[in-house]
Engineer: 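I'd like to ask you about the structure that follows.
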Amino acid sequence: MAERPTLVRNLAQVATPLGSSPLRGRAMRNLLVVPRAAIVIREGRFAWVGEESDVPDEFRASCDEIDGRGGTAIPGFVDSHTHLPFAGARESEFNRRIDGETYAEIAASGGGIASTVRATREASQDELSALVLGRARTMVRYGTTTAEAKSGYGLNLADELKQLRAIRAASAASPVRLVPTCLAAHEFPPECPKDELSRDAWVRGIVEEIMPAVAAEQLARFCDVFVEHGVFTREQGRRVLEAGSRLGMTPRIHADELSDTDGAALAAELGCASADHLMHVSDRGVRALAASSTVANLLPGTSFFLMSDRYAPARELIEHGAIVSLSTDCNPGSSMTESMQIVVQLAVLRMKLTVEEALTAATLNGAFSLGLARETGSIEAGKRADFSILDAPSYFHLVYHFGVNLVSTVYRDGREVSSAL
Ligand code: NIG
Ligand code: FE
């Protein structure tokens, strides 16, 4: 027998972007804001959204009811860039940064990514899976219902596969929908000598061994590479991403994070789903993204956490017409948070997005970059019922009332997956 629909009533507001396409420029501000709102959910999807006084009779008669307690409903956040399956922690790097060492210097001295690689290699698949699940449970409490999750701390065949298998194993129990990405080209591992020939041979191993094995088990929907001075060159990045595409993994790039390597233009040229970070993107890169469907995925938590005043030029990207999204970059070295709420706050308070632009970037535009904009990212009839109820009278409070968790209840596919009540 079909389940009874659910009526969520007594909402101060529903606030959501609309559509199955990404939003650019001024359109990022066009939220639908319904006052005194109600939502009807049927078979895991939104069936109706509007003012409570207009709920159609067919639903009034047949629905189970949920009291929205005067809160505000927003779409579930889509966190389209995370490094969830890692072990260990790097809290000691703070004081080194206070004493003046940079992220790059810490990495060069054996800290940084290499230390997380050691800890992740030592962890079992089950341990990693439990870590992923724990982080997904934190994410959902802060309103995230879909998250991308990258490998990239294994850096050899066995350990990259272990990380991706851990994501898959966590998926069934995860309250958050997980979308896996192969980031075998995150860094060169400590065992790879630093000369050009050895590094090129290592890239060949990624392309000829690791990625085909990942594809054979269908462990990743996307592939990614960290193009940066001293890490992967543009040409190596291109090789990795073209190989990934041939294997059925859509490319994304860590681009122009610590310096301008023309990564944004490479992303646009290769038709990447996203170019991520972009703190050092050039004008040429901004224009290339604006002329493409590659999403500019901005991660302000990273600038904040690394104590940098340099944030990605979000206003410029929006004003030139690029598709802009927001993500946590959740990882132990440069952004240790699962909270999309703080990311939205930083986007407004430090990158000067409007609250409406930030909400669109954190939901619909992120869903588009994961190929899920038809399924999630907005509250409208037909989409999966992924949403949060904020304990707040309007969506402005997402930024206005900062530093606290405003989320009271979260639904994914129409089911309650988190409640603070
Ligand atoms: O997205 N850029 C490289 N990767 C991560 C940081 C990884 C780490 O420090 O462990 C990032 O910022
Ligand atoms: Fe990252």
Side-chain angles (χ1 to χ4, degrees), residues 79-94 96-97 101-121 123 128 131 135 147-155 159-160 163 179-190 222-232 237 240 251-261 263-264 267 272-281 295-308 310-312 325-338 343 346 366 369-370:
D79 188 350
S80 57
H81 182 138
T82 86
H83 299 255
L84 284 191
F86 64 84
R90 309 229 299 268
E91 67 277 31
S92 63
E93 291 176 14
F94 272 119
R96 294 177 66 178
R97 281 201 285 276
E101 273 186 272
T102 64
Y103 178 79
E105 285 162 355
I106 292 170
S109 73
I113 294 179
S115 82
T116 301
V117 170
R118 281 193 296 278
T120 303
R121 285 180 175 178
L128 281 180
L131 288 166
R135 291 178 189 128
E148 186 256 21
K150 302 177 196 293
S151 65
Y153 291 116
L155 306 186
D159 292 303
E160 286 291 309
Q163 279 192 287
V179 181
T181 293
C182 173
L183 179 56
H186 191 190
E187 185 42 288
F188 290 95
F222 294 96
C223 60
D224 194 346
V225 59
F226 185 24
V227 172
E228 188 54 66
H229 288 298
V231 195
F232 294 90
V240 168
R252 324 177 72 85
I253 307 190
H254 279 70
D256 306 329
E257 178 178 356
L258 307 174
S259 61
D260 172 20
T261 57
C272 288
S274 64
D276 300 51
H277 286 289
L278 303 175
M279 275 96 97
H280 291 261
V281 67
V295 177
N297 195 11
L298 310 185
L299 320 168
T302 308
S303 303
F304 181 68
F305 195 82
L306 295 180
M307 307 175 193
S308 162
R310 186 157 192 148
Y311 285 76
S325 64
L326 290 167
S327 300
T328 60
D329 194 21
C330 177
N331 78 77
S334 68
S335 185
M336 185 59 194
T337 184
E338 293 92 343
V343 169
L346 290 171
S369 96
L370 295 181

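When a ligand or atom number is given, it counts from 1 through the structure's own listing order.
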Engineer: Could you list the atoms of ligand 1 found under 4.0 angstrom from a heavy atom of Tyr153?
Structural biologist: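 Checking each atom against Tyr153, I get 7 (C), 8 (C), 10 (O).
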Engineer: What atoms in ligand 1 come closer than 4.0 Å to a heavy atom of Arg90?
Structural biologist: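 Near Arg90, the atoms of ligand 1 are 8 (C), 9 (O), 10 (O).
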Engineer: State if His186 counts as touching ligand 1 under the rule of any non-hydrogen atom under 4.0 Å.
Structural biologist: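 Heavy atoms of His186 do come under 4.0 Å of ligand 1.
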Engineer: Taking a cutoff of less than 4.0 Å between a non-hydrogen atom of the residue and any ligand atom, is His277 in contact with ligand 1?
Structural biologist: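 So His277 counts as touching ligand 1.
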Engineer: Hey, is there an N, O or S on His277 sitting under 2.8 Å from the Fe ion (ligand 2)?
Structural biologist: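 No.
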Engineer: Assess the side chains of Arg252 and Ser274: does a donor N or O sit below 3.5 Å from an acceptor N or O?
Structural biologist: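 Short answer, yes.
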Engineer: Indicate if the distance from the Fe ion (ligand 2) to the nearest N, O or S atom of Asp276 falls below 2.8 Å.
Structural biologist: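 Not a single backbone or side-chain N, O or S atom of Asp276 is under 2.8 Å from the Fe ion (ligand 2).
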Engineer: Considering Phe86, Phe226, Tyr103 one by one, which has a heavy atom nearer to atom 6 (C) of ligand 1 than any of the others?
Structural biologist: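 Of the listed residues, Tyr103 has the closest heavy atom.
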Engineer: Can you name the atoms of ligand 1, numbered from 1 with element, that are less than 4.0 Å from a heavy atom of Ile113?
Structural biologist: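 Contacts of ligand 1 toward Ile113, numbered from 1: 7 (C), 8 (C), 9 (O), 10 (O).
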Engineer: If you have a sec, work out which protein heavy atom is nearest atom 11 (C) of ligand 1 and how many Å separate them, to one decimal?
Structural biologist: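 Sorting protein heavy atoms by distance from atom 11 (C) of ligand 1 puts Asp329 OD2, 3.2 Å first.
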Engineer: Taking atom types as modelled, is there a side-chain donor on Arg135 or Thr82 under 3.5 Å from an acceptor on the other?
Structural biologist: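 Per modelled atom types, Arg135 and Thr82 side chains form no pair under 3.5 Å.
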Engineer: Under 3.5 Å between some N or O of ligand 1 and some N or O of Thr116?
Structural biologist: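 N/O-N/O distance under 3.5 Å: no.
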Engineer: Just checking, any donor-acceptor pair under 3.5 angstrom between side chains of Ser80 and Ser327?
Structural biologist: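 A donor-acceptor contact under 3.5 Å links the two side chains.
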Engineer: Between atom CZ of Arg121 and atom CG of Leu155, what is the distance when rounded to the nearest 0.5 Å?
Structural biologist: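 Rounded to the nearest 0.5 Å, the CZ-CG separation comes out at 6.0 Å.
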Engineer: Within the side chain of Thr120, is there an N or O that forms a donor-acceptor pair under 3.5 Å with the backbone of Gly154?
Structural biologist: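 Side chain of Thr120 to backbone of Gly154: no pair is present.
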Engineer: Are side-chain N/O atoms of His83 and Asp329 paired as donor and acceptor at under 3.5 Å?
Structural biologist: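 Indeed, the side chains of His83 and Asp329 share at least one donor-acceptor pair under 3.5 Å.
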Engineer: Going by atom types only, do His254 and His81 share a side-chain donor-acceptor pair under 3.5 Å?
Structural biologist: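 Present: a donor and an acceptor within the cut-off.
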